[in-house]
Amino acid sequence: MAAMPSFQIHPSTLKHQRFPNAPRNKLLSPNSCCPLFSLVSKASILSGTRGNGVLLNCLPPVENHADEDLGSLPPDLRKNSMPSHVAVIMDGNRRWAQMRGLPSVSGYEAGAQAFRTVVDLCCKWRITVLTVFAFSSDNWTRPKVEIDFIMELLERALRDELQQLTRKKVRVSIIGDCTRLPKPLQVLLREAEETTKNNSQLHLICALNYSGQNDILQACQNMALKVKDGLIEPEDINKFLLEKELETNCTEFPNPDLLIRTSGELRISNFFLWQLAYTELYFANSLWPDFGEDEFVEALSSFQQRERRYGGKSVS
Amino acid sequence: MESKICNLATQFFEDLKSFLRRCLFFILSVGPMPKHIAFIMDGNRRYAKKQNLEEGAGHKEGYSALMNMLRYCYEFEVKYVTVYAFSIENFKRRPEEVQSTMQLIQEKIESLIEGEYVLSQYGVRVYVIGNFELLSNSVKLAAKRAMDATADNSKAVLSICIAYTSTDEIIHAIEKTCEEKSEEFRVLDSSGAGYGLIGLRCNGKNKGKSLIDVEDIEKHMRMAVAPDPDIIIRTSGETRLSNFLLWQSASSLLYSPNELWPEIGLRHLVQAILAFQRNFSYLKMRREQN
């Protein structure tokens with residue numbers, strides 16, 4: 001495996017430069033490599049940076065969707081059976097970068113772009129809640145350099161995007177244990193939640209340092225305290241009480257209708273556990289940076305074709 | 001005379017198939033093998049409809065498929081097998097259907113104890129997992145007898161989930177944990193010793209101070225008799241967990257072949273194991289990279 005170029009934050013992060021477009025799936029699939037593309041992208045990246053390390057690009061400027069017809073669905077999708085709550089595990093950023101001979105951090109940048117596309121589409125198609133898994137408790141084992149970059153990317157994205165999110169009336173909520181995140185990021189996150197709390201278009205829930213088991217555990221601890229204080233008896237504990245204590249109590253649709261995981265991994269990886277009881281799971285083969293409108297439509301279309309019985313009898 | 005030859009021929013082919021499976025296991029076991037496989041046996045009713053059988057017949061075919069899968073799993077030295085036989089949500093179905101399914105379950109549990117070859121051959125201990133309060137007395141009795149009859153077996157474990165949902169299991173575990181811990185808290189409170197009941201911190205700094213931990217909840221889980229499943233197989237192409245082993249599925253490989261449950265065969269098990277082995281090496285590589 002080729003050695004990764006050493007990582008340095010380059011002053012050009014302050015410039016707005018368009019990131020090389022992610023190739024469409026048909027050009028580059030996990031099982032093949034397009035050598036011409038990777039040469040081209042390496043050249044464009046290295047050309048301006050002799051001896052200065054890796055060029056990093058900021059997120060490209062946001063396109064203005066204000067005058068698009070809000071609520072217009074593609075022809076493949078039916079309006080009356082759209083999911084209310086979609087959850088996404090944004091997996092595959094590092095593999096995406098590796099396949100192009102780029103450092104992992106470029107993968108995260110490209111992933112951020114895909115994230116913004118999906119948020120825009122959810123706003124456009126009137127999906128009520130979107131939960132994204134930005135960082136799992138299990139991810140702390142990654143190299144420090146990568147973690148620092150992810151934290152810095154989140155900070156930068158929040159600062160740049162808060163105005164846009166407010167304009168689009170997106171409400172931001174954060175779930176997970178934030179105390180381990182860098183202090184400036186914690187402040188920004190609280191500010192984002194506070195500023196957007198009255199927005200009502202799309203509820204964007206970001207799961208940072210979140211683990212499904214820990215969510216249930218902290219709910220259990222809260223209820224144990226209530227039992228100790230005599231507020232409830234152990235036999236009063238039921239699923240409604242538990243759901244009120246889970247971190248997803250910030251929305252009236254806490255349980256996703258559809259969970260999308262990219263990069264072909266067929267597992268939940270300790271993300272939502274309780275909340276996934278009847279969620280339709282969709283495993284997409286494309287890596288997260290390649291997940292665009294077409295892939296999202298395919299996932300939603302697959303969801304709409306499924307028959308959800310919740311244990312009851314089949315309607316057909 | 002002819003029937004004797006027929007029987008001999010059948011026996012010969014069965015032995016040959018068993019031998020071929022042993023060879024297959026020998027090859028597969030070069031790589032990592034799963035220790036626990038869970039099955040969501042979906043598609044019995046659709047199978048009956050597809051084959052134009054009467055309604056209960058799909059479940060009967062499903063039972064034969066289950067016996068075959070158990071045999072293959074135990075031959076492949078998969079020590080723990082869990083099956084989702086009846087969900088609490090299934091009680092919502094038509095009463096006649098619920099009744100006939102419960103009847104079938106009771107019959108099959110009884111035949112498991114009385115004559116089923118697979119259990120005794122592989123030393124299988126049976127657990128019936130679920131909310132027993134929702135079961136009729138006859139099913140409860142059959143379940144208890146099955147568990148008692150196989151209590152001395154220790155080579156393998158079969159967990160049959162009846163009147164089970166994961167949310168019910170988690171609530172039950174939390175209730176038991178709160179009962180156990182609230183006593184401790186009251187004692188600590190009254191002694192003035194104090195405690196830090198801070199939420200669990202992932203970096204483990206305050207872990208020692210929190211009196212409720214993941215292990216406390218896990219020990220009260222009904223499924224504590226088995227480790228977390230390595231693979232969860234759901235037939236009929238549906239990809240959802242339907243309230244099955246939610247807590248335990250955190251790292252499980254989810255495999256969903258399109259075939260209906262009665263159509264499941266050895267090849268699906270082999271495909272699932274191969275997928276498990278492919279993911280296992282990728283996970284190991286990621287851990288080494290980190």
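Here is how names work: the chains are called A, B, and so on, in the same order as the sequence lines, proteins then strands, and each is numbered from 1.
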- Any side-chain heavy-atom pair from A/R267 and B/N279 closer than 4.5 angstrom? yes

- Task: Assess whether atom NZ of B/K219 is packed by more than 12 heavy atoms of other residues, nucleotides or ligands within 6.0 Å.
- Result: yes

- Side-chain touch A/I237/B/C178, heavy atoms, less than 4.5 angstrom: yes

- Please flag which part of B/E218 lies under 4.5 Å from any non-hydrogen atom of chain A: side chain, backbone, both or neither. side chain

- Message: Other residues, nucleotides and ligands only: do more than 12 of their heavy atoms fall within 6.0 Å of NZ on B/K35?
- Response: yes

- Item | Validation row: B/T239, A/R306 side chains within 4.5 angstrom (heavy atoms) | yes

- Structural part of A/F283 lying under 4.5 Å from a heavy atom of chain B: side chain

- Message: With rounding to the nearest 0.5 angstrom, report the CG to CD1 distance, A/L273 to B/I170.
- Response: 7.5 Å

- Which residue out of B/E175, B/K176, B/H172 racks up the most heavy-atom pairs below 4.5 Å with chain A? B/E175

- How long is the gap from CG on A/L266 to OG on B/S256, to the nearest 0.5 Å? 7.5 Å

- Query: Which bit of B/T177 comes within less than 4.5 Å of chain A, counting heavy atoms only: side chain, backbone, both or neither?
  - Reply: side chain

- Item | Within residues 208-242 of chain A or reaching into it, pairs that qualify as ring-ring contact (aromatic ring centres under 6.0 Å, His included) - sequence neighbours excluded | A/Y210-A/F272

- Task: Let me know if A/E235 has heavy atoms under 4.5 Å from chain B in its side chain, its backbone, both or neither.
- Result: both

- Message: Quick check: do A/W274 and B/I171 have side-chain heavy atoms less than 4.5 Å from each other?
- Response: yes

- Does B/V214 offer a backbone N or O that forms a donor-acceptor pair with the side chain of A/Q213 under 3.5 Å? no

- Return yes when atom CD of B/E133 has more than 12 non-hydrogen atoms of other residues, nucleotides or ligands closer than 6.0 Å, and no otherwise. no

- Note on the structure: If one checks every heavy atom of B/I217 against chain A at 4.5 Å, the contacting part turns out to be side chain

- Query: Measuring from A/L276:CG to B/S166:OG, what's the distance to the nearest 0.5 Å?
  - Reply: 10.5 Å

- Message: Has A/E280 got a side-chain atom pairing as donor or acceptor with B/R240's backbone, closer than 3.5 angstrom?
- Response: no

- Spacing of NZ belonging to B/K181 relative to CG belonging to A/L225, to within rounding of 0.5 Å: 13.0 Å

- Rounded distance (nearest 0.5 Å) linking atom CD1 of B/I174 with atom CG of A/N238: 11.0 Å

- Note on the structure: Taken to the nearest 0.5 Å, the spacing of A/Y278 OH from B/L246 CG works out to 8.5 Å

